[in-house]
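Comments concern the structure below.
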Amino acid sequence: MPSTYNELGIELMVTGENAGTWGDNTNTNLNIIQQAVSGYAAVAITDGSTKALAITDGATTTSDARNMIIKLTGTMTGASVVTVPDSVEKIYMVHNTVDHANNTLTFKTAGGTGVLLCEGNSYTLYSDGTNVVKLDETRVWRAITAAETVQAGANIAANTNGSPFTVTLPASPSIGDTVNFIDQGWDFNSNALTVGRNSSNIANAGSDLVINTQGAAFGLVFSGDATTGWTYTEK
C-alpha cells in the first residue's frame, strides 16, 4: 500500500514502504509541520483578481496556504479575493498591508464564504474546512488626506488641512460593522469632513454626514435596521 497524505500535505507512510528514504521523508514532514505552526509567507496582491494559495503534498516551497502567518502586500486595481484550499482545518494569522485603492479584499476558502479585510488591519482567522471565520481583528489608525472608500473596521485619522474631502462608508454593511474617525489636524471647522453614506442611512437620515466641528472624534456602527442605518457609538 503506497503512502497517503493528510489535509496539510504530510506524508502518512506505511510500514514497508519508502525503503531507504524514511529519514528524508520524515525530515520533510517535520518541515511541513513547522511551516503549519510558525511559517511565514508574503503574498502580493497586485490586481483585481483571485489569488489562490496552495498546499502541495510533501512539499513546502509550493505551499503558501500552509503557513501560519500570511502578510498581504501590494496595491489592488480592483476587488480582489485570496483563497485557501477547501477541506483544510487551520488557523491563519493575516497581516493586511495592501493598498486597497478603494476596493474590497476578501480572504476565503476556494468554495466557501470568507472575511472582508480592512486595509491596514491584522486578523486571526480559522478555516473549518468549508468557510473562513474571523476570531479577532487588530485595528490600526490610518491617516488619510484624500477621498477614499473604507472597509468595516477602519480607524481613520482624517486630515483635511489641504482641502475638504469625503470618506465613503462600506457598501452592504452588516450589523455591528464599525468605522471610527478623528480630526487629525484639527481642521474640520475650516475644511469639513463628509462621511458618504453609500446608500445606507446615517442616524436615521438619507443624507451624507458633514462634520465641521474642530477636533471631532466619533464612531459609527451599523445598526442592522434599514431606517436607522449607521448610528453613533460615541460623538
Side-chain angles (χ1 to χ4, degrees), residues 43-51 71-82 94-108 114-123 134 137-203 205-223 229-235:
V43 177
I45 309 298
T46 57
D47 55 21
S49 64
T50 296
K51 178 73 172 181
K71 181 179 181 180
L72 302 177
T73 66
T75 299
M76 294 192 299
T77 59
S80 300
V81 178
V82 178
V94 178
H95 183 197
N96 178 26
T97 68
V98 176
D99 182 344
H100 284 214
N102 297 312
N103 298 295
T104 58
L105 177 58
T106 304
F107 194 96
K108 63 187 285 291
V115 176
L116 280 171
L117 304 183
C118 178
E119 184 173 342
N121 290 357
S122 298
Y123 297 83
K134 180 172 69 174
E137 178 179 6
T138 300
R139 302 178 181 184
V140 299
W141 284 95
R142 187 166 55 85
I144 66 173
T145 59
E148 183 176 319
T149 298
V150 298
Q151 303 83 38
N155 288 338
I156 299 299
N159 194 321
T160 60
N161 179 265
S163 62
F165 59 84
T166 298
V167 174
T168 302
L169 293 170
S172 304
S174 299
I175 184 171
D177 284 352
T178 61
V179 179
N180 295 306
F181 301 87
I182 61 170
D183 180 3
Q184 187 193 45
W186 279 58
D187 295 304
F188 286 178
N189 57 320
S190 54
N191 289 320
L193 174 72
T194 299
V195 179
R197 68 189 189 92
N198 207 355
S199 299
S200 297
N201 283 357
I202 300 177
S207 57
D208 293 342
L209 178 65
V210 178
I211 307 299
N212 54 18
T213 301
Q214 186 179 36
F218 61 100
L220 295 174
V221 59
F222 190 71
S223 67
W230 295 87
T231 190
Y232 296 102
T233 59
E234 56 185 22
K235 63 176 182 176

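- Contacts of Ala217 classified as side chain to side chain contact (heavy atoms under 4.5 Å, CB included), with partners at least two apart in sequence or in another chain: Ile182.
- Residue Glu119 holds its CD atom at 7.5 Å from CE of Met76, rounded to the nearest 0.5 Å.
- With sequence neighbours left out, Asn212 forms a side chain to side chain contact (heavy atoms under 4.5 Å, CB included) with Ala192.
- Residues Ser80 and Gly48 approach most closely at OG-CA, 3.4 Å, considering heavy atoms.
- The distance from atom CH2 of Trp186 to atom CD of Gln214, rounded to the nearest 0.5 Å, is 6.0 Å.
- Considering only heavy atoms from C-beta on, Ile202 comes within 4.5 Å of Leu169 through its side chain.
- Here side-chain hydrogen bond (donor to acceptor under 3.5 Å, both in side chains) pairs that include residues 142-152, with residues two or more places apart or in two chains, are His100-Gln151, Arg142-Glu148.
- Screening residues 182-201 for salt bridge (charged side-chain N to carboxylate O under 4.0 Å, His left out) gives no qualifying pairs among residues at least two apart or on separate chains.
- Legend: residues meeting side chain to side chain contact (heavy atoms under 4.5 Å, CB included) with Thr73, ordered by chain and number and at least two apart, are Ala44, Lys71, Thr97.
- Considering all non-hydrogen atoms of both residues, Cys118 and Ala152 come closest at CB-O, 3.3 Å.
- One distance of note links OG1 of Thr194 with CG of Asp208; it measures 6.5 Å at 0.5 Å rounding.
- A ring pair (Phe, Tyr, Trp, His ring centres under 6.0 Å) check over residues 138-162, counting only residues at least two apart or in different chains, returns nothing.
- Rounded to the nearest 0.5 angstrom, Leu117 CG and Ile45 CD1 are separated by 9.5 Å.
- For Phe188, there are no ring pair (Phe, Tyr, Trp, His ring centres under 6.0 Å) partners, not counting sequence neighbours.
- Using cut-offs of 30° and 60° on the angle between ring planes, the pair Phe218 and Phe181 is parallel.
- One distance of note links CG of Leu116 with CG of Leu105; it measures 8.5 Å at 0.5 Å rounding.
- Between the side chain of Ser223 and the backbone N or O of Gly229 there is at least one donor-acceptor pair closer than 3.5 Å.
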Identify all side-chain donor-acceptor contacts of residues 154-165 below 3.5 Å with residues at least two apart in sequence or on another chain.
unit_1: Asn155; atom_1: OD1; unit_2: Asn180; atom_2: ND2; d: 2.9
unit_1: Asn159; atom_1: OD1; unit_2: Asn161; atom_2: N; d: 3.0
unit_1: Asn159; atom_1: ND2; unit_2: Gln184; atom_2: OE1; d: 3.0
unit_1: Thr160; atom_1: OG1; unit_2: Asn191; atom_2: O; d: 2.7

In a table with atom names and distances, give each donor-acceptor pair under 3.5 Å that connects a side chain of residues 172-179 to protein atoms at least two apart or in another chain.
unit_1: Asp177; atom_1: OD2; unit_2: Ser174; atom_2: N; d: 2.8
unit_1: Thr178; atom_1: OG1; unit_2: Arg139; atom_2: NH1; d: 2.5

(request) Check the pair Val43 / Val82 against side chain to side chain contact (heavy atoms under 4.5 Å, CB included), numbers first and verdict last. (result) CA-CA 9 Å; Val43 177; Val82 178; 5.5 Å; no

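- The side-chain heavy atoms of Val115 and Val94, taken from C-beta on, include no pair separated by under 4.5 Å.
- Considering only heavy atoms from C-beta on, Asn201 stays 4.5 Å or farther from Trp230 through its side chain.
- Among residues two or more places apart in sequence or in another chain, the side-chain hydrogen bond (donor to acceptor under 3.5 Å, both in side chains) test is passed with Asp47 by Ser49.
- Taking Val140 as the reference, Asn121 meet the side chain to side chain contact (heavy atoms under 4.5 Å, CB included) condition, with sequence neighbours excluded.
- The line from CD of Glu137 to CG of Asn96 is 10.0 Å long, rounded to the nearest 0.5 Å.
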